[in-house]
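One structure is given here, and the rest of the page talks about it.
Sequence positions, counted from 1, serve as the residue numbers for this chain.
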Amino acid sequence: YDQLLLSDSFRKAIDPDVVIHIGGPIVSKRLQQALAAARPRDYIRVADHPFRTDPDHRATLRIEADTARFCDALALAVRSAPQAHMAQWC
């Protein structure tokens with residue numbers, strides 16, 4: 001994704017309404033900049049601990065859960081959802 005974010009057309013084409021951030025902090029400067037520019041409506045942080053790790057104060061919802069189980073549940077939900085939006089990535 002880091003190389004994709006170098007493209008102005010790619011950054012303009014993606015405009016996320018929701019970001020689901022699973023795990024630790026983002027270490028990519030380019031991704032940090034893209035998220036700051038995109039300003040999604042909802043930014044969901046999922047972590048397996050109770051500590052607040054949101055130095056940029058982006059999180060609109062924080063979920064404390066086992067991340068592997070959360071991802072399994074999310075994958076099941078995504079499989080049953082319409083996939084029309086994925087055509088732009090192919």
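- In summary, of the residues considered (Val19, Leu61, Val18), a side-chain contact (heavy atoms from CB on, under 4.5 Å) with Tyr43 occurs for Val19 alone.
- Between Glu64 and Asp48, the closest heavy-atom pair is CG-C, 4.5 Å.
- Smallest separation of non-hydrogen atoms from Leu31 and Ser28: N-OG, 3.1 Å.
- For Asp42, the salt bridge (Lys or Arg N to Asp or Glu O under 4.0 Å) test picks out no residue, with sequence neighbours left out.
- Summarising the geometry of Pro50 relative to Arg62, their closest heavy-atom pair is C-NH2, 3.8 Å, with the distance given to 0.1 Å.
- Sparse packing is recorded around CZ of Arg39, with 12 or fewer heavy atoms of other residues, nucleotides or ligands lying under 6.0 Å away.
- We find the CD1-CZ distance between Ile22 and Phe70 to be 5.5 Å, quoted to the nearest 0.5 Å.
- Linking ILVMFWY side-chain heavy atoms closer than 4.5 Å, directly or via other members, places Val27 and Leu5 in two distinct hydrophobic clusters.
- Leu35 approaches Pro40 most closely through the heavy-atom pair O-CD, 3.8 Å.
- Nearest heavy atom pair, residue Ile26 against residue His21, reads CG1-CE1, 3.3 Å.
- Shown here are the salt bridge (Lys or Arg N to Asp or Glu O under 4.0 Å) partners of Asp72, two or more places apart in sequence or in another chain: there are none.
- Arg45 is listed as a side-chain neighbour of Thr53, based on a closest heavy-atom distance under 4.5 Å.
- Interatomic distance, OG of Ser9 versus CD1 of Ile14, reported as 10.5 Å (0.5 Å rounding).
- Linking Ile, Leu, Val, Met, Phe, Trp and Tyr residues whenever their side-chain heavy atoms come within less than 4.5 Å places Val78 and Ile20 in a single cluster.
- A salt bridge (charged side-chain N to carboxylate O under 4.0 Å, His left out) check over residues 3-20, counting only residues at least two apart or in different chains, returns the pairs Asp8-Arg11.
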